[in-house]
Every structure is written in C-alpha cells, then in structure tokens.
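Everything quoted here is computed from the prediction, not taken from an experiment. When reading the values below, keep in mind they use all heavy atoms of this one structure, side chains included, and skip hydrogens, waters and symmetry mates. In what follows, every chain begins at residue 1, and chains take the letters A, B, ... in the order their sequences are listed.
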Amino acid sequence: MIAAIAKKGTKATLLIRDARLFDPARGLDRRGDVLIEKGRISSLAPAGKDKAAGQLVEAGGGLLLPGFVDLHTHLRTPGREDEEDIASGTAAAAAGGYVSICAMPNTDPVVDNASILSSLIETAETEAHVKVAFLGAISRGQAGIHLSDMWDMAAAGAVAFSDDGRPVADGGLLRSAFQAAALVGLPLSLHCEDVDLAGRGVMNEGEASARLGLAGIPAAAETAALGRDLEIAAYEGGRVHIAHVSCSRSLELIAAARRAGVQATCEVTPHHLLLTENDVATGLDANFKMNPPLRTEEDRRALVAALAGGAIDCIASDHAPHAGQEKEAPFEEAPFGVVGLETAFPVLYTGLVETGAAPLEKLVLAMSTSPARVFGLPAPAIAEGEEANLCLVDVNEEFEIDPDGFRGKSRNTPFTGRRVKGRVLLTIAGGRVAYNKEGF
Amino acid sequence: MNRHLLSINDISREEIESVLATARKDFLGLPQRNIKKVPTLRGRTIIDLFYENSTRTSTSFELAGKRLSADVINVKSGSSAAGKGESLKDTVLTLSAYRPDIIVVRHPHVGAPAFISRFTEAHVINAGDGKGEHPTQCLLDIFSLMQVYRSLKGLKVAIVGDIFHSRVARSNLLGFQKMGMKVTLIAPPALLPRGVEALGAEVSHSLDDLAGADVIYLLRLQTERHQDANFMPSLREYIDRYCVGRRHVRRGQRVLHPGPINRGVEIESELVDSDGNMILQQVEAGLAVRMAVLYRIIVDNAVPAAPAELKEGGRKIKAARRTLNRELQKTS
C-alpha cells in the first residue's frame, strides 16, 4: 500500500494549546496541549503548561481529533478534471478534517493497470494536500468481463479493488476476483446492486416514488446482490468491504454473514444517515439523487442505530462531484451522486451527536480509526511519537453550510443552507498543515 | 498389473517398482542398439485411439508398440468415425471386433477410458482423460526420479503451475505420495482445485516455497481450457509471479516438465536449455516405461484373462519371456 502526499511545504512545528484531546481508540479524552515538532507529536502535556514552539495555536477548548479517513472518494481524475482533480479534491478533504482519502477507480480511463495507478500516485505526490491512496478496478475497463491487472496494481500500491459504480454482475468473475485479491491480501470494496432489479429507477421504490411518479430502485436491488456477494465471499474466504449500505435488510445480511465467520466490513454515507426519500420529494432537487438512493425513515433509523451500536464499521463520504450544469437538470435526467467531504463531520455531529442519536466516540471511530484499519492504512492517533494526522474542530459556533465556500470544484450537496456545528478549524495531514480556516 | 491401467490407483507401489524394473532392465537400453526392436508382442494388436492432440504421448505409445513388434494402429479423432457423429461406445465396439489386445486411449473427458473398458475385451490404457489422470506419465516420472535418487521415500517435490487443469498433476500427486514422496502444489488460488488439500498435498501460492523442494515439477498453462474464465488477472502477471527461471533453482534441485513446454511462460528459456533439468530424460524414460506397461499388461493378465487363442496360459508366457531374453542377448 502506498498513500501519496505532496512532499512540498515543511513539516509542521507548532503547539496546540488547550484543546479537548479526544481519541476514543486510545481511550483519550482530556483537556491538554499537543506539541508537534517536525510533523510528529512530540508531547501531550497537561493544559496550560507553556512550551517553546514554532507556532502557537490557541484551541480554546476546541475538539482535537485523530484526522478522518475516507474509503470512498471520487476524485474524477483522470477524465473529468472539470468536476474534481487531485488538488481540489484533497483541498476539500483537508477542509473537512480528512487526512487520508481513498480514490475510486471509475475514472476515464478506468484505473485498471499499474501504469495509470502509478501515474496517479506520482501526481498526488506533487499536488495532494492530504494522503491519497488509490483503489484499482476489479475488471478491465470496469466492463465486468476480464479481471484487471490486480496483481500489478497491488504491487504498485493499490489499497483495495472495486468496480464501484458498475457492480460486478458476473458471479464467476467476482469469485475469480476474490481468488486473485486473496493472493495479494487486499479486500474487495463492493457496490452491491442488481442492475436488472434497479432498472431505470432514480430514487427509492416506495411511497415517495409512487407519489412522485418516478421509477423506483427497490431495496432488494441492493440486498439481492449483497446476499450473493456475501455468499461468494464466505465460500472463498475473501475479505469484503460493503460500500454505502443504504437499508436495514442489508445490515441483517451483513450481521448474519459475520456471525458465520465472513470477513466483512461495511460503510455508510452521511446522507444515508441523515436524509430519506421524503427529502427527495421536497423539491425534486437533483442534489438528493444518488445511488444507492435515500431510503425510508425506518432504514435511516436502522443505519443510525447500527452506527451507534458499532455494527457499521465506518462512515464514507462517497464524495461524487458533478459539474453544475449536469445537476441543474430535471431529477430523472441528472446523474447520481453528491459531494460530501467538506460537510461530513458538521452534519453528522449536529444530526447525530447533538441530538443524542449516536455518541461522539462512535462517530470519531467510524470516521478515523476504523476505516484506516479496514484498508490497512496507518491509523491516525493522538499519541506521542505518532506522525501528526489531526483535525481541530469548533463544536460551539453554529454556521450555515454554503457550497460557495467549498474548496472542491463541485457544489452538488444536499446540505445547502443547513445550520450546523462542528466546523473544522485546522487539519494537519502527514505532519503538514493541510488546512486552516481563514482567520484562525 | 491389473487388467486395465485407468488410474495410477490401479497399480500398487510394489507393482510400480516391478514394472519400472522391467522397463530399466529390458527396454531402456534398446534405443542404443542397432536393431531397436524385440519380437515380444509379435502378433499382438494395439490400437492407439486419440481424441485429443498429442505429440509425445502418441509417438511414444506408437513407437513402444512397434519396438515390441506389435501391429499398431493409430486412430485420431479428426480422421475417424467420431468426426462423423459416431458415439464413443460404437467406435469402441467396432474397433473391438478386430480383437485388439490393447486399446490406448486419450480423450478430452474424464472417465472416457473407464467407459471404454466396459465395451471391449482389450486391455485399456489411459493415455490422458481430460483433467482426470495420466498414469503412464506418472510412471515415467517416477522412473526418471529413480534413475537419479536411490530412494524416493521422503523426497520433497513441488508441482508448480496450472494444477487445476492438469491430469498429470492429479496422477502425480497420487503416485508420488504412493512412493513416499511429499508433495507441495504451488499455484495461484484459482489454478488449484478446491479441496485438493484433502488428497494429502501441501498448498502454496508462492514460488518462495520452491526452496524446500528436492524436485521441481513444472506444468504449462493449459490456456486452451481457460476459455472465458478468469484464472488470473493477465498472462503477464502470471509470468511475473510463477515463471520459474534459473534463479529459482538451486544446485542439486531437479527440474521436471511433462511437456509441452511453453518457454517464457511457466519456464524460462534458459532453464529449458540448462543442465539441471531432466526434461529429455523424461521423454526417453517414457518410451521404455510404455514398452514395459504394454508388455506387462499382457503378460501379467495372460493366464486368467487372455483372449481365447492364448489360453494355453503360463507356458506360453514363459516361452515369451525366454524369447525376449534371447532376443535381448542377441542384439546386445
């Protein structure tokens, strides 16, 4: 595994004074200072104690967290650099408190061989603001026929394989993919969707779609494929990560598979934790169109409960930038996908932690330590000797989400105008200051 | 030997040693003589029935039969009645009407030789049935190893390559273990048959495990059987990880390959041309071993199960042995 980060700029030397140091994986929750020297955490001293340092950051009791890790980002590079590129996507990530992101391979051309993967890593090394790891495609051109150059890509640094966006329809190919992935010890990240069941659907199939007259995507399109994929994983003993789980039945299938010994992990997106099919109905805004679609309130509650209970391993953004003109279209015409890196923490903090639906501890674990473990990335930690991969968050001041302030190139968020708390003030990724809020 | 040789399991360890002793004593030296022929199977008829392409196995069986002075008839699928829609059963019934003593059969489907044996009085020798078995290849490999090792017991052999599609791997896994050898199969997961560990083999996915082997047994990729399935990401990646070259082979390790060889795929060209390998010795052994098999399958079964005109039994067999020995002395 190779996570690339730009080597320009200097390793940070600074003192973060009087923060709430919160790292649930280490059982850490206390007020204190963090001294960072040349990009590494050199000391966690009690709050208030003065130290000589290059730069002083007065945290004023702000929340200092292990930096976030995203397993599901679409950087749109190569091919659609008008929507996002490595520089803009990682700037967006940094602004959202992320220190590592994993880029999906459904680009144009598809990342299905080592030369494309290596050139992306090389580009990231000069352009990226946070660490970037890359997934390789499962099939050549994501066409679902021949395996991609999985072994070459593993050697070149791929962290996992996925045909995200083009689910693997052929069970025989999926089996071969598990066998090939096992050889190099990497997981498959699966977008579970029976495309025939999904048909031409544009939103969840149910009451809302009936009322609106829109073609629906049944939850069974996800669960039928998921059930098959878990069975194949069980048979092959493969490591499988289920991308963007959207409905309660999927949680049952994953739990059952785990009880049977399948090495399965899963992720959920912020929008599936916070929004439902009813939000689609409100304005038929294409910024509420994504795949899998927003489901029912019952599904949403089940996802939140699973996050709070630890059954869901991680939160992934499924950051999917689209050009403004593409989303400014009738709902049925617009492409699937929403951006999420810059809004994930504040919307989740406000929607889940402030409301008491899920503890802060689970939110932080699911956004940092757990996803890092799923793909075998170094887990960010607030501990002496560790490379500084941190973010500082203000959980007191309320603000409004305004896409015009996004660092990313696209604006297609469903959270425009939402009043939230949990603004990211500072992100240190790979020992370098990747983001600090203006005026902070 | 049993009436038929369909599987390496049809022949015990003691019988293997006895048949291979016949090959060594009676037939191995024959090609070095001016007259490369003995009259042992004079008057006997052998039909080589090949439903699959073959170079070394068909040549070797044909030559073995001819050097034993049998009448050898080659029936190849392309030019046979099978091409005209005749069933395997009917082809065998037809050929059996000529009263052949032995039918040597190669067929793309597992179990075809056993099927054939139900419809003929002849001895049936399996010369390769699909992904099933190839017992004479196994015998000649054991023979080749016995030429260089005093005892095979405890010898470690690594079989590398397309195990999944290989009848040779299957026969050799069984046969080598029968001789007391320890077998490790090395291949990517998709090229190993599911559950093969139950047959007693160690399984590995890395050429690093060649280090512990005394014998390296290489198999070609049977791409003609891969069709649309994905047994590997790409051929190039397979070669990167599984092509065995001189750097993988240390002094004292022996390299075997049943052929056909695909240079640069499962074996680097340099290794083919280097001294460490026994590939041509295997071919040479193949002829002697197949002569021994053809001879012994008739002789050993002569008393209880010979065709009607040979029912005089042991007397004639002894006579045949005497004749053979005389001929051997004459020609040497």
Checklist line | Residues forming a side chain to side chain contact (heavy atoms under 4.5 Å, CB included) with B:A114, sequence neighbours excluded | finding: B:L6

Notebook entry, point to check: For A:E231, does the CD atom have more than 12 heavy-atom neighbours from other residues, nucleotides or ligands under 6.0 Å away?
Noted result: no

Item checked: Partners passing ring pair (Phe, Tyr, Trp, His ring centres under 6.0 Å) against A:H72 (at least two apart in sequence or in another chain) -> A:H74, A:H244

Margin query: I'd like to check the side chain to side chain contact (heavy atoms under 4.5 Å, CB included) partners of A:T123; sequence neighbours left out, ordered by chain and number.
Written below: A:I86, A:E127

Using only distance, no hydrogens or angles, which N or O donor-acceptor pairs sit under 3.5 Å between chain A and chain B?
residue : atom : partner : partner atom : Å
A:R140  : NH2  : B:P233  : O            : 3.3
A:I145  : O    : B:N230  : ND2          : 2.9
A:L147  : N    : B:N230  : OD1          : 2.8
A:D149  : OD2  : B:R236  : NH2          : 2.8
A:M150  : N    : B:E237  : OE2          : 3.2
A:W151  : N    : B:E237  : OE2          : 2.8
A:D152  : N    : B:E237  : OE2          : 2.8
A:D152  : OD2  : B:R236  : NH1          : 2.3
A:D152  : OD2  : B:R236  : NH2          : 3.3
A:S176  : OG   : B:N230  : O            : 3.0
A:Y235  : O    : B:R194  : NH1          : 2.9
A:Y235  : O    : B:R194  : NH2          : 2.6
A:Y235  : OH   : B:R194  : NE           : 3.2

